[in-house]
Protein chains: 2
Amino acid sequence: MKEKATLSEKLMRGDLMEPDCPSRGVLMHVTSRWGVLVLIALETGTHRFSELRRGIGGVSERMLAQTLQQLEGDGFVRRVAYQVVPPHVEYSLTPMGLEVAEKVRSLADWIELNIERIVAREPA
Amino acid sequence: MKEKATLSEKLMRGDLMEPDCPSRGVLMHVTSRWGVLVLIALETGTHRFSELRRGIGGVSERMLAQTLQQLEGDGFVRRVAYQVVPPHVEYSLTPMGLEVAEKVRSLADWIELNIERIVAREPA
DNA sequence: TTTCATACTTACATTAATGTATGTACTTAC
DNA sequence: GTAAGTACATACATTAATGTAAGTATGAAA
């Protein structure tokens, strides 16, 4: 499926066809059900937790929190908390996050634009 | 999160921020654990079931079959079976499938290229 | 004084995804 | 005759993902 290389070379470089490649984990965070939508939402700018919660239809607080933490852990999302009450936390993309978000949105845009074409030819 | 529009307008056009938009289903097929890898593998050309099975590290027969069927159902994959024994089936991308695959690979490539940068700054 | 909003966490329940093992029908190679 | 390869389907078991509900601390508004 790709040029031959040693296992360690593949893993260092990132080879998704290898079962143990760390790329798979990152890919799963980014392409997870809510990961995609969070990245797209944050591409429009900084947002608070509750804004994201309201903007992303159907996401629960639990899932939103978890997704944001994963993306923060991968270095795609920056979290800034103000020590006030009630709590005020702002989320935004890091430069690296912006790069992935662009790729993700490109895919999402294609699907949104072509959804009628896809659904139309769907069997039952 | 996006311009205001009626619900039906959103759904027709495809609005991923809407919980009931069919785009979400397609997106999930495409970004599913094995969907991504199948699309990337097929971008290199036509492949038999067993070739994909061997090429995509860690995928089970069950999951590969299921993933291929989903992608076929969405119109991204074409399946051609020859009536011979032992069975011979070839999978390839449709023109539409090629379009999505390009987007998906673009994302995957970015992750593979940047995996070291990502992992390096990972906390624990 | 009760309610509301915020940004979570935690426990528990449920659903979805995935894996494992087995079977099939036939042919070719051993 | 026995094993292997092919492209699956199916039943069952397990794991992962997700949802629901409740709790927390505090201040401001009603």
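Order of the sequence lines sets the chain letters (A, B, ...), proteins ahead of strands, with each chain counted from 1.
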Rounded to the nearest Å, what distance is computed from the [atom1] atom of residue [X] to the [atom2] atom of nucleotide [N]?
{"X": "B/Q83", "N": "C/dA25", "atom1": "CD", "atom2": "P", "value": "15 Å"}
{"X": "A/E90", "N": "C/dA7", "atom1": "CD", "atom2": "P", "value": "9 Å"}
{"X": "A/Q66", "N": "C/dT9", "atom1": "CD", "atom2": "P", "value": "10 Å"}
{"X": "A/M63", "N": "C/dC8", "atom1": "CE", "atom2": "P", "value": "15 Å"}
{"X": "A/L64", "N": "D/dA17", "atom1": "CG", "atom2": "C1'", "value": "15 Å"}
{"X": "B/R53", "N": "D/dA4", "atom1": "CZ", "atom2": "P", "value": "16 Å"}
{"X": "B/Y82", "N": "C/dA25", "atom1": "OH", "atom2": "P", "value": "25 Å"}
{"X": "B/L52", "N": "D/dA7", "atom1": "CG", "atom2": "C1'", "value": "12 Å"}

Run through A/T67, A/T31, A/L71 and flag the one making a side chain to side chain contact (heavy atoms under 4.5 Å, CB included) with A/L39.
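Between A/L39 and the candidates, side chain to side chain contact (heavy atoms under 4.5 Å, CB included) is satisfied uniquely by A/L71.
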Residue met sooner reading DNA chain C from 5', once B/E61 and A/V89 are mapped to nucleotides:
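Closest to the 5' end, via its nearest nucleotide, is A/V89.
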On DNA chain C, compare the nucleotides closest to B/M28 and A/R62; which residue's is nearer the 5' end?
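The residue closer to the strand's 5' end, by nearest nucleotide, is A/R62.
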State plainly whether the residues B/E43 and B/R105 are in salt-bridge range, i.e. N to O under 4.0 Å.
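A salt bridge is present here (some side-chain N lies under 4.0 Å from a carboxylate O).
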Would you call A/E112-B/R24 a salt bridge at under 4.0 Å N-O?
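Answer for the salt bridge query: no.
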Taking the nucleotide of DNA chain D with the nearest heavy atom to each, does A/G58 or A/V85 sit closer to the 5' end?
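In this pair, the answer is A/G58.
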With nearest nucleotides of DNA chain D determined for A/S32 and A/P87 from heavy-atom distances, which residue corresponds to the more 5′ nucleotide?
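The answer here is A/S32.
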Quick one: label [X] by what it contacts on the DNA or RNA (base, sugar-phosphate, nothing), any heavy atom closer than 4.0 Å.
{"X": "B/Y91", "result": "sugar-phosphate"}
{"X": "B/Q69", "result": "sugar-phosphate"}
{"X": "B/R33", "result": "sugar-phosphate"}

Look at B/S60 and C/dT18 and indicate whether a side-chain polar atom (N or O) is within less than 4.0 Å of OP1 or OP2.
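No, outside the criterion.
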Options D/dG5, C/dA7, D/dT18, nucleotide nearest the side-chain atoms of B/P86
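The answer is D/dG5, which lies nearest to the side chain.
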Who is the Watson-Crick or G-U wobble partner of C/dA17, with both distances under 3.5 Å?
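D/dT14 is the nucleotide pairing with C/dA17.
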Do B/I40 and A/M17 make a side-chain contact, defined as non-hydrogen atoms from C-beta onward lying under 4.5 Å apart?
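In contact.
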Side-chain heavy-atom pair B/V80, B/V89 within 4.5 angstrom cut-off
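No, side chains not in contact.
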